[in-house]
Amino acid sequence: MISRIAEQSFWMCRYLERLETFARSFLATHLFSLDSHEVPFAEFFRLSSVEKPLYMKIYNSHDNDEELIQYFRVWQELNPESLLSLLGNARANGLLIREIISESMWQMINRLYLWMHSETAKKLYMTDKYNFYTRIIETTQQIKGMYYNSLLRDEYYHIMSVGLMTERLTQVVQMLNKLNSKEFFAVSSNSESENTLLKCLLESFASTQNYLRSGYGLSPTLFAKFFTHDHHAPHTLKFILRDLLMHLSLLQSELKGFEQPHFHLKELAELVSQLNPSIFLSDKGIETKQQIFSVIIKINEELRNSIFGMEKILV
Amino acid sequence: MILVYFEPLNQEASMKKGSALADTDIKTYLGLFKDYQPLSTAFDEFFNKEFPVNPNLQKIIRFFDQLPFDHFKSLHEVAHGLFRQRGITFNVYSNQDGQEKIFPFDLIPRVICNEEWRKVERGLEQRIQALNAFLLDIYGKQQILKDGAIPKDIVLSSKGYLPQLRGITPPGGIYLNIAGIDLIRENDSLTVLEDNLKVPSGVSYVLENRRISKQLFPGIFSEVPILGTDDYPLQLKKSLLAGVSSNISDPLLVLLTPGPFNSAYFEHVYLSHRMGCPLVQNSDLIVDNKIVYLKTLKGLKRVDVIYRRTDDEFIDPTFFNPQSLLGVPGLISAYSKGNVILANALGNGVADDKAVYPYVPDMIRYYLNEEPILPQVETYACTDEESRKYVLNNLSSCVIKIVNQSGGYGIIIGEQATSQQLEEIRERIKANPRDYIAQPLKQLSSSPTLNEGSICPRRIDLRPFVLTGQKTWTLPGGLTRVALLKDSYIVNSSQGGGSKDTWVLGDI
């Protein structure tokens with residue numbers, strides 16, 4: 001396993017997962033906003049503190065223009081988190097590891113990229129956002145299906161899985177952190193709009209059916225419980241951490257000098273297992289989020305120093 | 001999602017119908033080739049005096065003729081889309097955008113009859129054998145120079161000659177694991193135009209062209225025996241591993257690429273994929289104690305064979321160009337110790353130097369005691385006084401080439417040059433005669449090609465690929481390159497050329 005390829009494999013999967021998550025959340029927001037004209041949905045179109053400076057620099061515009069913000073989040077190449085940029089980065093990494101991914105997988109990524117750069121895609125975005133976002137979501141799912149079904153179960157596969165799950169972990173934690181956002185729930189004046197917000201979040205994480213099948217009622221507390229402790233659904237902390245641990249264990253057994261990430265992950269898994277999910281509904285949720293993020297950062301650093309350590313000469 | 005599903009236009013029925021028509025005259029073709037006019041000055045690969053003779057060629061022509069023009073045009077768009085989807089691209093160095101470009105593909109193939117191909121195959125193998133022997137000799141005893149069989153100064157003054165490598169012999173004495181020999185048709189027979197012996201490229205397009213042809217025209221492949229090309233990657237791997245010592249039970253072969261910005265990066269990826277060997281960049285390798293290792297996370301893994309797609313000059317900054325960012329420091333020390341095989345070997349540039357090219361027939365006679373099977377284009381080396389005089393007096397009827405240039409760059413076609421260009425080249429030849437050769441302008445053969453909205457004749461050449469390992473193996477056909485611009489003779493991809501599939505007919 002060459003470290004350069006390991007890093008590119010890791011990041012290709014992170015970008016793909018992020019692309020799908022963002023596309024889902026934009027689709028969910030679009031659909032739910034058609035039902036409700038309440039202010040809460042402005043939350044989804046509000047720029048974060050990280051995005052604001054770049055947005056203002058490019059457009060020199062007020063930040064409450066929903067269409068422009070959505071455009072910024074989908075098409076703006078200068079925005080590293082736009083769908084176009086994420087797809088470009090996924091493809092760029094995929095291009096550099098073409099010899100280890102299947103031809104079909106590469107072609108799928110490339111086709112999506114070419115489509116996003118075509119007039120057809122732009123027209124579809126303007127006229128039919130549902131199908132626009134659906135295409136991105138379905139294609140990304142197919143790509144991930146191909147990775148699962150066609151890759152050799154070697155170190156590259158495990159590294160890709162680690163990339164995918166690390167990204168998912170980050171996104172889920174950020175989503176859970178929304179639950180304690182004063183802006184998020186303060187503007188929901190009644191339980192109906194609160195439920196709509198929760199449903200929108202469930203859709204964003206492909207979890208609506210899983211949630212309902214698991215028998216949870218719709219409330220912030222149960223929502224937090226599901227996404228923290230449920231171990232069957234693939235977008236919950238418990239599931240993600242278990243999966244990450246499995247892939248890291250398999251990597252650890254194959255590679256030398258790779259114990260630290262495993263250690264940090266066990267630490268995180270313990271933290272989460274003892275977590276009271278309601279913590280995400282209070283101010284303490286921010287602290288918990290920071291704790292989890294700091295472990296993710298440590299894991300990433302260890303990966304950088306070990307597997308991705310390009311300066312490291314193994315002698 | 002772009003789904004490509006092409007339903008052939010009842011190809012079988014059409015072919016049966018077509019065979020009932022008279023085949024002796026282009027005028028009998030009333031479909032795609034209805035208005036086709038072969039060039040009066042060039043051999044046409046489809047419509048020529050050979051035409052009534054080969055029934056399989058006739059079937060192919062009939063097959064294409066029955067395709068309605070609009071449908072055929074739409075197939076070109078489908079093919080273009082397939083190339084884009086698969087990412088079969090190349091980067092043009094001079095293109096500031098650094099855009100990935102599609103190598104234009106024309107759907108009408110070039111067809112070579114089996115008998116002619118057998119002769120070409122024998123000729124290529126003979127030529128490669130002689131060139132390999134030349135390289136072995138030049139980096140060894142230099143007997144051919146001592147015997148005066150070819151001019152010493154031409155060889156030793158070649159930029160491709162690397163005197164530092166004298167005395168270093170690659171394992172098995174194989175210098176030319178992979179060769180690409182450019183052929184044109186002259187006087188009805190295929191003739192050698194140029195040798196590409198350093199890092200010949202283009203084979204991935206051969207394989208992909210065939211894949212797309214089979215996808216779009218399955219009917220013709222079941223009707224006519226066409227030699228396959230799928231074997232190439234495995235044959236390549238075999239030839240690359242041929243020089244490995246039998247002591248090494250599980251040799252590691254890697255493909256060394258300069259990286260994704262190289263014009264042929266797609267080919268590097270493609271071949272490493274098909275051979276199942278790692279694709280590496282220079283930073284993935286390290287030389288320790290004159291042994292090359294691949295940096296893996298399980299530790300250093302010894303590398304036995306490097307299929308290098310990096311030029312000699314850049315391969316090792318401690319030996320050649322110190323400013324090279326593409327090389328592996330210490331690689332030559334490992335190579336000279338015999339601890340790693342480089343394919344192709346270093347120093348091949350002397351053998352594909354255009355100024356040395358006129359002497360290849362002499363090499364064949366000298367090393368093999370045989371007459372060359374394949375003719376080559378008459379060439380004037382400007383280092384020779386008589387030749388230089390002739391060239392300077394006949395610039396407007398010559399094609400002038402720079403001896404160490406490739407990709408079609410630096411070629412002056414006298415007939416098409418302005419008087420200012422001719423004057424400039426005159427001065428340059430006088431100043432540096434060693435850097436130039438000239439050849440008479442050859443009327444490259446032409447082939448029906450979809451261009452500018454109609455089927456018209458465009459000039460083509462052919463680059464077969466020859467592999468040398470324990471035995472020599474030639475890929476059936478090779479890359480047919482086509483000059484897409486009207487009246488152009490330049491077929492190179494970097495200068496607007498395209499390609500065609502090459503169909504070598506199986507034995508009848």
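Throughout, a chain's letter reflects where its sequence line sits, starting with A, and its residues are numbered from 1. Side chains are part of it too, since the values below use all heavy atoms of this structure and drop only hydrogens, waters and symmetry mates.
Heavy atoms from other residues, nucleotides or ligands lying under 6.0 Å from NZ of Lys238(B) number 12 at most. Within a 6.0 Å sphere centred on NZ of Lys122(A), heavy atoms belonging to other residues, nucleotides or ligands number more than 12. More than 12 heavy atoms of other residues, nucleotides or ligands shown are found within 6.0 angstrom of CD1 on Ile58(A). Summarising the local packing, OH of Tyr130(A) is surrounded by 12 or fewer heavy atoms from other residues, nucleotides or ligands at distances under 6.0 Å. Heavy-atom contacts from other residues, nucleotides or ligands closer than 6.0 Å to NZ of Lys301(B) number 12 or fewer.
Ile5(A) touches chain B through its side chain: at least one heavy atom from C-beta onward sits under 4.5 Å away, while N, CA, C and O do not. Looking at Phe266(B), the atoms closer than 4.5 Å to chain A (heavy atoms on both sides) all sit in the side chain, from C-beta outward. With a threshold of 4.5 angstrom between heavy atoms, Leu294(B) approaches chain A through side-chain atoms but not through N, CA, C or O. At a 4.5 Å heavy-atom cutoff, Glu138(A) makes no contact with chain B through either its backbone or its side chain.
The shortest heavy-atom contact between Glu99(A) and Leu279(B) is OE2-CB, 3.3 Å. Shortest non-hydrogen contact noted between Arg98(A) and Gly87(B) is NH1-O, 3.4 Å.
Side-chain contact between Trp106(A) and Val269(B): absent, with no pair of heavy atoms (C-beta onward) separated by less than 4.5 Å. Put simply, the side chain of Arg4(A) does not reach to within 4.5 Å of the side chain of Lys295(B), judged on heavy atoms.
Contacts of Tyr232(B) classified as ring pair (Phe, Tyr, Trp, His ring centres under 6.0 Å), with partners at least two apart in sequence or in another chain: none.
Between chain B and the options Leu114(A), Leu112(A), Ile97(A), the largest number of non-hydrogen pairs under 4.5 Å is found for Leu114(A).
Between atom CG of residue Leu285(B) and atom CD1 of residue Ile2(A) there is a gap of 8.0 Å, rounded to the nearest 0.5 Å. Between the CD atom in Gln85(B) and the CE atom in Met108(A) there is a gap of 9.0 Å [rounded to 0.5 Å]. From Arg86(B), atom CZ reaches atom CZ of Arg111(A) across 9.5 Å, with rounding to the nearest 0.5 Å.
The backbone N or O of Ile101(A) lies less than 3.5 Å from a partner atom in the side chain of His273(B), making a donor-acceptor pair.
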